[in-house]
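Please read the structure below before turning to the comments.
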Number of protein chains: 2
Amino acid sequence: MRPAVSDVENPLADCENTQALDRAEASCRARGASLTAIRREVLDLLYRSPTGVKAYDLLARIKEARPGASPPTVYRALDFLIDQGLAHKIGRMNLFVACRHASHQIPSLFLVCPKCSGVTELQEQSVMSALSTSLAAAGHRLESPEVEISAICPKCVGAG
Amino acid sequence: MRPAVSDVENPLADCENTQALDRAEASCRARGASLTAIRREVLDLLYRSPTGVKAYDLLARIKEARPGASPPTVYRALDFLIDQGLAHKIGRMNLFVACRHASHQIPSLFLVCPKCSGVTELQEQSVMSALSTSLAAAGHRLESPEVEISAICPKCVGAG
DNA sequence: GAATGCAATGTTATAACATTGCATTTGTAC
DNA sequence: GTACAAATGCAATGTTATAACATTGCATTC
Ligand SMILES: [Zn+2]
Ligand SMILES: [Zn+2]
Ligand SMILES: [Zn+2]
Ligand SMILES: [Zn+2]
């Protein structure tokens, strides 16, 4: 079972988050986009949920501060953050995660743990080059920087 | 855009499908499970949709023969087929595909084309060994035989 | 300073996807 | 044929995501 949202939260991370949010705001501005208040709040919630969070859980959290918030409020913010490379969607889990990487020169591997649903984003040159080679041989072209993989996470491997 | 269901259908494939269905039935029996009429019909529809099909499209097709069919009818059949290794779900697309492989000694790569939504199932020893190595180094263990990858398919690469 | 353009947001409704719970039927073992 | 488990029928509900349209706020133009 996934931990409840409140367990995931980490108030001590506020300072780091503020810095990360400021960096994100700057990078949006550099691209001519703006990290508005709503988008910043959603990104903040993503930062506080290291293993991913569901859209409607986000909505519930956003509603605490903005009672008028509705599904489009959070889906629009998520779409924006994904466009900007600040977040990712894990399709098989309907889960959204903040991106911890400065760029996606190398496409990322997303390891989704089937036991605890935790998500880890990994960049591995060796895997990606093997992948590019094989896909090219099959006539495909790797485009989106998103590869989802089911893999038991270290915590759950230990828990056997 | 995905082709309409009717375009995907191929009546000439009936004979091959019957053989494949019979093989599937035998393999279920060998495992002590039974490929009932409903399950067989769903698997048949999957065989006729090489690039995957949505659950509610399946439902609509099944209803032609069984007007009483409801969502659980098809989801239960799909769950069974997935358990038996006869089908896979592509999480990011909510798409179901028949498996064309006799076994999953090697985990499969599912290439999902972001342009046409087509799905190709591939088994590549070189990629999987690079992947296992990297994941093991990170403390993860590859378990589920399912890796989803966004990759432009040959047809769409050509269409540029 | 009114009119226009535009990005973001608000609001309502609905589409699309999936599961639960319980009653009934079917197949199989004894 | 009785008993039991597996499968199915069926209604309701839960979950995830988008469509469609209105409004706000701010910058530019006239
Ligand atoms: Zn990332
Ligand atoms: Zn885990
Ligand atoms: Zn397969
Ligand atoms: Zn394609």
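Just so we're on the same page: letters track the sequence lines, and every chain starts at 1. Quick note: numbers below take in every heavy atom, side chains included, and nothing from hydrogens, waters or symmetry partners.
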### Query
So does B/Arg48 pair up with B/Asp44, basic N to acidic O under 4.0 Å?
yes
### Message
Please determine whether a side-chain nitrogen of the Lys or Arg among A/Arg66 and A/Glu41 lies less than 4.0 Å from a carboxylate oxygen of the Asp or Glu.
### Response
yes
### Query
Contact class for B/Ser70 vs. all strands (heavy atom < 4.0 Å): base, sugar-phosphate, or nothing?
base
### Message
Strictly below 4.0 Å, N to O, side chains only: are B/Glu148 and A/Arg92 in salt-bridge contact?
### Response
yes
### Query
For the pair made of CZ in B/Arg66 and P in D/dA7, what is the distance, rounded to whole Å?
14 Å
### Between B/Thr36 and B/Arg40, a side-chain donor and acceptor under 3.5 Å
no
### Message
Counting the benzene-type ring for Trp, do A/Phe110 and A/His88 have ring centres under 6.0 Å apart?
### Response
yes
### Task
Could you check A/Thr36 against A/Pro72 and say which one's nearest nucleotide on DNA chain C is further toward the 5' end?
A/Thr36
### Query
Can you pull the contact range of chain A along DNA chain C, 5' to 3', using atoms under 4.0 angstrom from its heavy atoms?
C/dA8 to C/dT12
### Query
Are a donor atom and an acceptor atom from the side chains of A/Glu146 and B/Ser150 found within less than 3.5 Å of each other?
no
### Query
Given that A/Gly91 and B/Ile38 both sit by DNA chain D, which one's nearest nucleotide is further toward the 5' end?
B/Ile38
### Query
Nearest-Å distance, CD (B/Gln84) to P (D/dA6)?
14 Å
#### Entry: Most 5' of B/Asp79 and A/Pro71 on DNA chain C, judged by nearest nucleotide
A/Pro71
